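Take a look at the structure below.
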Number of protein chains: 2
Amino acid sequence: MELSERKKKILQIVVDDYIDTAVPVSSKVISEKYMQNVSSATIRSELSALEELGYLTQLHTSSGRVPSAEAYKLYVSDLMVKEHLSKKELDYIKEIFLQKADNIENVFKNALKVISELSGYTSVAVSQSAVEDKIKEIRFFRFREDKALVLIVTELKLLKDNYIEIPKEMTDAELEEANAFINKLFKEKSFEEICNLEVDFDESFSGYKTIFINVIDALKAYFSAKEDSKLMIDGQDKILRHKDFLDVDRIKEFLEVVTSKDKLLDIMTEDNRELKINVKIGSEGYEKLPKDSSLVTASYSVHGKKIGTYGVIGPSRMDYQKVVAVLENVGRIIESILADKE
Amino acid sequence: MELSERKKKILQIVVDDYIDTAVPVSSKVISEKYMQNVSSATIRSELSALEELGYLTQLHTSSGRVPSAEAYKLYVSDLMVKEHLSKKELDYIKEIFLQKADNIENVFKNALKVISELSGYTSVAVSQSAVEDKIKEIRFFRFREDKALVLIVTELKLLKDNYIEIPKEMTDAELEEANAFINKLFKEKSFEEICNLEVDFDESFSGYKTIFINVIDALKAYFSAKEDSKLMIDGQDKILRHKDFLDVDRIKEFLEVVTSKDKLLDIMTEDNRELKINVKIGSEGYEKLPKDSSLVTASYSVHGKKIGTYGVIGPSRMDYQKVVAVLENVGRIIESILADKE
DNA sequence: TGTTAGCACTCTTAATGCTTGACTGCTAAT
DNA sequence: ATTAGCAGTCAAGCATTAAGAGTGCTAACA
């Protein structure tokens, strides 16, 4: 059922005012502050209808109305007036992104910082590239007689400090040869493909077998080690500045979800509808999220291929206008940077 | 003035009991639970004397006694009965430290994890090596025509992903030559020395000047970028499990100090007495620390040279026995690992 | 001189009841 | 369809009370 224009307007007012003041919105406030031409009694009947439809709730019989999860979703997708960032904010974004961004990890870190600073909420990002990312080149760098550093250049990332053991008696020339062999074998393959690779080591190559296994192990170690750090977070403390988190249990719940990371990782990677901006709200559907908190995410892609997701987590009563504006701007910059690198 | 044996015993009891129960300790509890042969009235006069001496305080006239900062310090240095870790805990330590520890950063991360898991508090570590660490080898690895990866092997660390720009027209052979030149120049020098290095580029070497400057810049970037991440933290959420942090302001204060990092960095690097275990308590002297919280630190050294500091931050009412036991054990392991690497 | 019992005093904490004010929902009139 | 008015509900703040925990002091005792 489609809402009447007036209902939409009232709903928008409720959400806006509630985000602004954190106080349940009463019919009186609406009629006096926003709609002087309509009496509070009229508003009351509209509010009551909106409640019936599931967009509003009351904390108790004699309190004003508070938006429901549904209302926030509708607000972000339809009702909300899109905001533009100020010149100052845009300059800040540019300034941060100018810093050392040769490594994709740094691009993420910069993005996280910008998002959390400008929005005032905790920012999160998860890279979904790792599994699909392909190897461009592998290079061994011997620096002890029985150790080598494996340097792996991928399409998007640079994996480093994966040490492997090599046989002491192997000469530098032999190592070079092994390098070339493995390089040829691994090139243009994803990690997944490599892990499933079955190789016949014929006589002449049997010396490489140890190295081969060590490299695979290093890759696996990299995977399992990074699996939990794939989720990056910045501005954890931001949450404390919002009056929504006044009681200790709320803060605990929030920080537990954010610091444990795995729950968040689940939610961020689960369904990935092709929406530009995705809003998930704790309770009603997303029980893993802290109660009454929202996760607003966006995805970024390079050459049409989705690479990761980034976003903001905070109270449901969140400044969605700013958050969406920040996410969209940062998204554009990330995509242009990554496309450039290619 | 030296405390009488009985006063010491009572003080120890107060601290132990307070750590255990989080309830101000009364004369009655002491006499009934710990010293049945003495009446509560006697304890009362002893307590009152200890308060006079600055070891105990009262929250209000009719409350039990709570240890002061002085009391905690004395407790850790003299009074406390040292605890030994259980077989299970020791096994856990070993298990964690077996994981991928080729890189010093991972040694730290492992240590942080162990410390925070076993103690139940937030763990912190700061490396003081960076400034003094000497370069062992520098290697260029070209991978775009105008870019190279600078790989710097130091005595203890491996710096990586510092990209530098190189002149397009430079041949690989020339790059090799430049590599050798810079390697020779930087070898066995600390970063500080390198930054102050004045080099005369005579005619034949003038082509390296760009590279030289780029490398220095990369090092500097590394420095300034890492300056704030030099402080590593694990288990931030641990603080929430302790009943000392029941009101929101305490949590806020704590998290602000811990997440902003710079205050903590100051405190951890400031005075470094050669004590094995160092206790700093918020309020009274260390205003930068959150109120009523303690920072317990230890330092580790390799070949007699101090390299860094690690520790635990949590409520003053902290399980010092466990914390000290964990720190000492982890310290021994770190030192043996680092000594091995040499 | 050190120890103890007893008692008065202080202060916190929790429970209770009361008042005020902010809303709503309903109804009847416009 | 809108509005004004009114009764009913609930939260929040405030004062009062009672109970309980713990101390300090004093006087008596070994």
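Residue numbering restarts at 1 for every chain, and letters A, B, ... go by the order of the sequence lines. Since the structure is predicted, the reported quantities are computational estimates derived from the model, not experimental observations.
Between B:Tyr72 and B:Tyr320, the two ring planes are tilted [angle within 30° to 60°].
Counting atom types as modelled, A:Ser62 pairs a side-chain N or O with a base atom of D:dT9 as donor and acceptor under 3.5 Å. A donor and an acceptor atom never sit less than 3.5 Å apart when one is taken from the side chain of B:Thr61 and the other from the base of C:dT10. One donor-acceptor pair, N or O on each side, does fall under 3.5 Å between the base of D:dG5 and the side chain of A:Arg44.
Residue contacts shown for B:Ser27 are limited to sugar-phosphate atoms, with no base heavy atom under 4.0 Å away.
Environment of NE2 in A:His60: crowded, with over 12 heavy atoms of neighbouring residues, nucleotides or ligands closer than 6.0 Å.
Distances shorter than 4.0 Å separate none of the side-chain N or O atoms of A:Ser39 from OP1 or OP2 on D:dT2. At C:dT24, one or more side-chain N or O atoms of A:Arg65 fall inside 4.0 Å of OP1 or OP2 (strictly under the cut-off).
Each of B:Asn37 and A:Gly64 was matched to the nucleotide of DNA chain C holding its nearest heavy atom; the match closer to the 5' end belongs to B:Asn37.
No hydrogens or angles considered: nothing links the side chains of B:Ser48 and B:Ser45 as a donor-acceptor pair under 3.5 Å.
Put simply, NZ on A:Lys28 is 16 Å from P on D:dC6, counting in whole angstrom units. Taking atom NE2 of residue B:His60 and atom P of nucleotide C:dC9, one finds them 18 Å apart after rounding to whole Å. In this structure, B:Leu56 places its CG atom 11 Å from P of D:dG24, rounding to the nearest Å. A straight line from CD1 of B:Ile43 to P of C:dT4 spans 9 Å, rounded to a whole angstrom. Rounded to an integer number of Å, the gap from NZ of A:Lys33 to C1' of C:dA22 is 16 Å. The distance from atom CD1 of A:Ile30 to atom P of C:dT24 is 8 Å, rounded to the nearest whole Å. Rounded to whole Å, the distance from CD on A:Glu51 to P on C:dC26 is 11 Å. If you measure from atom CG of B:Leu47 to atom C1' of D:dC25, you get 15 Å, rounded to the nearest angstrom.
Each of B:Lys33, B:Arg65, B:Arg317 was evaluated against B:Asp17; a single residue qualifies, B:Lys33, per the salt bridge (Lys or Arg N to Asp or Glu O under 4.0 Å) test.
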With side-chain contact (heavy atoms from CB on, under 4.5 Å) as the criterion, how do A:Asp244 and A:Asp292 come out once you've worked through the C-alpha distance, each side chain's angles and the decisive distance to 0.1 Å? CA-CA 9 Å; A:Asp244 304 75; A:Asp292 293 320; over 6 Å; no
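When each of C:dG25, D:dT23, D:dT3 is scored by its nearest atom to the side-chain atoms of A:Gln58, the top-ranked nucleotide is C:dG25. The nucleotide whose nearest atom lies closest to any side-chain atom of B:Thr42 is, among D:dT3, D:dG24, C:dT3, C:dT3.
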